[in-house]
Enquirer: 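Sharing a structure, written as structure tokens. Questions coming.
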Amino acid sequence: MKVSDNLIRLSKSCIGEAEKNAVLKVLDEEYLGMGLQVQEFENALSNFFGKPAICVVNGTAALQLAVQACGIKAGDEVLVPSLTYVSSFQAISATGATPVACDVNGFSLTMDLKDAESRMTRRTRAIMPVHYSGGVGDLQEVYEFAKKHSLRVIEDAAHAFGTSYNGSRVGHMGDICCFSFDGIKNITSGEGGCIVTDDETILQGVKDARLLGVEKDTEKRYTGQRSWEFNVSNQGWRYHMSNIMAAIGIEQLKRFDEFAFKRQKYAKLYDQLFEDSLRIKPLNNDYNLIVPHIYVVRIKDLKDRKVLQETLLNEWNIQTGIHYQPNHWLSLYNKPDLKGFPVTDEIFPQMLTLPLHPDLNTLDIEYIAQVLMKIISNDERL
Ligand SMILES: *Cc1c(COP(=O)(O)O)cnc(C)c1O
């Protein structure tokens, strides 16, 4: 698809000369697989988080390997909010374990722990909070809940790269935290993801599992060697990151402050522009701390979201999104005996994601907000 010049895109990668040159350099070196650049990106990320980071091929793989490294398997259950991208669910079911869909809190759109508690069984092993839009809700409470019930915590922080909580970056505190570097996330490495933890067993498990379970292969590759004779004692996957990807990631991480500043600035501006709107309600996010991946509003009494999206796109050149269709609606995860999801089911049809990425400018944000407010109040169908 050729993107039209005046289309305001919902999201996009922001790639400059530095990223392009870094990729060309790797191509010139003709060592494209996992080597020096991946190690360098991991070191830079470990510095950023103040805790070891292991890179993998995407955020879903990060989540799957984190769940697997906890020893979670068929017959085990993991609590996860229904309102998330299907990758959180697929990452859990890929290990053989069962994702147990939970309702969300209507203010932060993060997991409702009361609801989660009511869905626990003897087989519940872990909780996967999803940091919706970049906000973490009451993460402290998640950790207290996990402690009380002896659960592992695997944070799906795909939206929350760079968000601060309790005086440090998400990922610095806590058990295991997974990030995504797909093309439209807060920073990208093309595709990619990482696992952040200081649990030595999890770190070694993830390092081996990303390279087909070949024990200590990471250590070999980082010293320019190969494993010709080796042992494998666990199921692994081909989930490592390539030098091409890491080269992009290294440059993007250097630009993080610039990206974060713009995302926060535009989210604050949207909030301000919608302040007096009777129907358009932003999330309760503090954008001095949160680095938002998406900007979501709830539109009260919205009759037809599809018409709204089509109008915005076809008449005003504004692309919008929906994050996310609940996972308990999907055949794979819907069980007839599932307890209801009153909050998720009520708010989902009213949710709309507006354009947010660093290549927008303040005039774009003002235009989007004004168009949305105008058509919401004038179009009878909405
Ligand atoms: C992007 C995303 C992921 C997974 O990341 P990929 O890199 O696309 O595999 C997981 N969870 C959420 C909520 C995401 O938005």
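Both counts, for ligands and for their atoms, begin at 1 and track the order of listing.
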Enquirer: Within a reach of under 6.0 Å around CG of Leu289, are more than 12 heavy atoms found that belong to other residues, nucleotides or ligands?
Expert: yes

Enquirer: For Tyr85, does the OH atom sit with more than 12 other heavy atoms under 6.0 Å from it, leaving out its own atoms?
Expert: no

Enquirer: May I ask you to check whether Phe179 and Phe49 place their ring centers less than 6.0 Å from one another?
Expert: yes

Enquirer: Give every pair made of an N or O atom of ligand 1 and a protein N or O atom lying under 3.5 Å apart, one pair per line with both atom names and the distance to 0.1 Å, or write 'none'.
Expert:
| residue | atom | partner | partner atom | Å |
| --- | --- | --- | --- | --- |
| ligand 1 | 5 (O) | Ser180 | OG | 3.2 |
| ligand 1 | 7 (O) | Gly59 | N | 2.7 |
| ligand 1 | 7 (O) | Ser180 | OG | 2.7 |
| ligand 1 | 8 (O) | Asp182 | OD2 | 3.1 |
| ligand 1 | 9 (O) | Gly59 | N | 3.3 |
| ligand 1 | 9 (O) | Thr60 | N | 2.8 |
| ligand 1 | 9 (O) | Thr60 | OG1 | 2.5 |
| ligand 1 | 11 (N) | Ser87 | OG | 3.4 |
| ligand 1 | 11 (N) | Asp156 | OD1 | 3.3 |
| ligand 1 | 11 (N) | Asp156 | OD2 | 2.7 |
| ligand 1 | 15 (O) | His159 | NE2 | 2.9 |
| ligand 1 | 15 (O) | Lys185 | NZ | 3.1 |
| ligand 1 | 15 (O) | Tyr324 | OH | 3.0 |

Enquirer: For Asp345 and His328, test the side chains for any donor-to-acceptor distance below 3.5 angstrom and give the result as yes or no.
Expert: yes

Enquirer: Thinking salt bridges, do Lys147 and Glu144 make one under a 4.0 Å N-O criterion?
Expert: no

Enquirer: Considering only residues two or more places apart or on different chains, which pairs with a residue in residues 260-289 satisfy salt bridge (Lys or Arg N to Asp or Glu O under 4.0 Å)?
Expert: none

